[in-house]
Amino acid sequence: MSTDKVVKLADLNKPSFVLSDEERHEIEHALTHYPDGRAASIDALKAVQKHRGWVPDDAIPVIAEAIGISAADLEGVATFYSLIFRRPVGRHVIKVCDSISCHLTGYDELRGELEKQLGIRFGQTTRDGRYTLLPICCLGACDRGATMMIDDDLHGPVEPKDVAAILGNYQ
Amino acid sequence: MSTLRSAKDPNYQKPLTRLIDTAAGPLDLKSHEAEGGYSALRKAIKELKPQDVQAKVKEANLRGRGGAGFPTGIKWSLIPMGPDAGTKYIVCNADEMEPGTFKDRLLMEQAPHQLVEAMALAGYAIQAQTGYIFLRGEYVVAAERLNRAIAEARAAGLLGKNVLGGEWSFELYVHTGAGRYICGEETALINSLEGRRANPRAKPPFPQIAGLWGRPTIVNNVETLSNIPHILLNGPTWFKELNQGKTSDAGTKLYGVSGRANKPGCWELPMGTTARELLEVHAGGMRGGKKLKAWLPGGASTDFLLPEHLDLPMDFDTIARAGSRMGTGLITVVAEDQSIVSAVRNLEEFFARESCGWCTPCRDGLPWTVKILRAIENGQGKTGDIEQLSKMTRWLGPGRTFCAHAPGAMEPLQSAIKYFRDEFEIGIVCDIDEVKPDVCTLPAGLPDITDDRDLATKKAS
Ligand SMILES: Cc1cc2nc3c(=O)[nH]c(=O)nc-3n(C[C@H](O)[C@H](O)[C@H](O)COP(=O)(O)O)c2cc1C
Ligand code: SF4
Ligand code: FES
């Protein structure tokens, strides 16, 4: 009991979130692109996400300070954009295109196969922390439907029979 | 795409893609310049006044390839010029997220220097000091290649301080987004670029007067801009004749086919090429010998057309006269054995999710529309549901929402009901005799825009 309390009091005094040198450097670089710091909001959020996978709540005031806007303003931005993750995600993020051309070329089957093999649905992360499954707008590769992105890689056309082999490349 | 890199002929017919060889990847600065790259910029800086560049683009009758077909020269002519005009911006809309559209990706991944030169030329024409390419976050390959091209161009004095030794200086940056389709709407794009939530802005003032950070700003699509070096090099008359007389709209167009076609793809062809040629010649027809049931001419926010419309030239005015829009010009085909109701449900789910939430008809009307469509798709539609959907197409129509997102969403819905009403009716379970007049109470002050057409059709059936 009492040791718990000691730890908590100590925690209060230490800043809960600290930008790494790399993150700070990337944010400062983004700031040079714009006459107004606010414009670096998305770049800054993405810089943190690149290194940590997601943007924790306690990062918001720290990032906001780095670009010179209020935490509330940055929170508004961070909650608007679908590719800023506010909850932890898996090591690999699978984004399945659910737009019209892929709908017409096998999206339902692809999604079904992914859900079956991973045992999760959209918005969820596998228990081993390996994959997060998300829907995404048209990936601009409609001639290759059905498409999906895993991390930065585009895959298409993907048929259910291809899924296991593709997933195997992302450990 | 075949290799066209040897075509040094100034009469080339496929200016935008002539240097593209997807297997080999994009040209570096040296090879690009060897093929005539950046000679338009050199010519402009040495010989042409900014207004002359504007005049050539206007004379070429270049129309915006972002979906609306607005004449680029006219858009540019609204920008304040002269020594007192102050800070101005040129912005490239590279947010390509319109479902069914995959042309800007090709231009940016395979011909990044073409866009960089185009941005410099457009920047020079309006005397902007800074340009931004607003690129969707998922286009990581395009981001890398554009950034490399920009770095090469800057090192060669084609960008940066005193471009090519002249008086004009120009910085160009790639800004990558973080999702949300609405960022493609040009005023939402400006908000997003400023680091705000991507809600559209009221117009007027138009961006040409008060855009990015309140300064005069031009927003143009990737394909629109990519035409500019070629117009300057070969002249407006050459550009107008690229259509080979198929239509009155000038230039070539990146057309494409997706859906269940044999060889879906994207091709640069004369403006005014027919959808039949796209589907039957370039895309090799429908897969499995199936018949075509319907097609979207240019993205999710365009009205469906039928097989009987296939022989129309694909240009802005002709497709508009047929009751749709050319939009982005990349067609999506629906096969005879595919459900229109499911297709429309998919489209409306997209629009509902991507609504920015700013205005009520769109924020609340789209999820309502989806709910009805899901019920009909599952055979659980209720009497009056089709009429309700028809009302939606008016309640969310042009002029009733803050931006064109919701009206765009209504285009495929209204045309699907118009052409395939029977497919919707199959999903309705209630007996037709149970029809009760659908009374909807509107808040005071709103004009009643419901009409009796729906009930009339129902009684007739
Ligand atoms: C909801 C919505 C999304 C849009 N998305 C895009 C887009 O991704 N790319 C684009 O070039 N234009 C898009 N537009 C059109 C732009 O608002 C604008 O008209 C275009 O960038 C102008 O460029 P242009 O004149 O060169 O065509 C969109 C419009 C709306 C209403
Ligand atoms: S129509 Fe939709 S997307 Fe456009 S401002 Fe209104 S809520 Fe936002
Ligand atoms: S609809 Fe899936 S990539 Fe375009």
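Order of the sequence lines fixes the chain letters, A, B, ..., with proteins taken first and strands second; residue numbering starts at 1 for each chain.
- The shortest distance between side-chain heavy atoms of Glu349(B) and Asp98(A) does not fall below 4.5 Å.
- There is no contact between Asp153(A) and chain B, counting heavy-atom distances below 4.5 Å.
- To the nearest 0.5 Å, atom CZ of residue Phe102(B) and atom CG of residue Asp143(A) are 4.0 Å apart.
- Residue Thr32(A) holds its OG1 atom at 6.0 Å from OH of Tyr173(B), rounded to the nearest 0.5 Å.
- Heavy-atom distances place no part of Ala335(B) under 4.5 Å from chain A, backbone and side chain included.
- In terms of heavy-atom pairs under 4.5 angstrom with chain B, the leader among Leu154(A), Asp152(A), Ile67(A) is Asp152(A).
- Ranked by heavy-atom pairs under 4.5 Å with chain B, the first of Gly76(A), Gly106(A), Gly145(A) is Gly76(A).
- Between Gly179(B) and Ser82(A), the shortest heavy-atom contact is CA-OG, 3.7 Å.
- Nearest heavy atoms, Tyr89(B) versus Pro35(A): OH-CG, 3.7 Å.
- In this structure, chain A has a heavy atom under 4.5 Å from the side chain of Ile182(B), while its backbone stays farther away.
- Both the backbone and the side chain of Ser342(B) come within less than 4.5 Å of a heavy atom of chain A.
- With a 4.5 Å cut-off on non-hydrogen atoms, Arg196(B) touches chain A through its backbone and its side chain both.
- Residue Phe351(B): no heavy atom, backbone or side chain, is found under 4.5 Å from chain A.
- Counting heavy atoms from C-beta on, the side chains of Arg136(B) and Leu139(A) come closer than 4.5 Å.
- In terms of heavy-atom pairs under 4.5 Å with chain A, the best-connected choice from Tyr139(B), Trp213(B), Tyr181(B) is Trp213(B).
- With a 4.5 angstrom heavy-atom cutoff, Glu354(B) touches chain A only via side-chain atoms.
- With chain A as the partner, the residue from Ala261(B), Ala198(B), Ala283(B), Gly177(B) showing the most heavy-atom pairs under 4.5 Å is Ala198(B).
- Of the options Cys97(A), Cys138(A), Cys142(A), a side chain to side chain contact (heavy atoms under 4.5 Å, CB included) to Pro99(B) is made by Cys138(A) and by none of the others.
- Annotation: maximal heavy-atom pairing with chain B below 4.5 Å, among Ile100(A), Val77(A), Ile136(A), Thr105(A), occurs at Ile100(A).
- Residue Asp21(A) qualifies as open at atom CG: its count of foreign heavy atoms under 6.0 Å is 12 or below.
- Ring planes of Tyr34(A) and His175(B): perpendicular class, angle over 60° (limits at 30 and 60°).
- For a residue to count as touching a neighbouring chain, one of its non-hydrogen atoms must lie under 4.5 Å from one of that chain's; by this rule Cys183(B) touches chain A with the side chain only.
- The closest donor-acceptor contact from the side chain of Gln338(B) to the backbone of Leu104(A) lies under 3.5 Å.
- Proximity to chain A is limited to the backbone of Val333(B), based on heavy atoms less than 4.5 angstrom apart.
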Q: Could you walk me through whether Ile42(A) and Ser192(B) pass the side-chain contact (heavy atoms from CB on, under 4.5 Å) test, one step at a time?
A: CA-CA 9 Å; Ile42(A) 292 168; Ser192(B) 187; 3.9 Å; yes
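- Proximity to chain A is absent for every atom of Arg215(B), based on heavy atoms less than 4.5 angstrom apart.
- In terms of non-hydrogen atom pairs under 4.5 Å with chain B, the most contact-rich of Cys137(A), Cys102(A), Ser41(A) is Cys137(A).
- Each of Glu96(B), Glu138(B), Lys103(B), Lys263(B) has some count of heavy-atom pairs under 4.5 Å with chain A, and the biggest count is that of Glu138(B).
- Between Val174(B) and His33(A) the shortest side-chain heavy-atom distance does not fall below 4.5 Å.
- Using a 4.5 Å cut-off between heavy atoms, Thr176(B) contacts chain A through both its backbone and its side chain.
- In terms of heavy-atom pairs under 4.5 angstrom with chain A, the leader among Gly256(B), Ala343(B), Ser339(B), Gly357(B) is Ala343(B).
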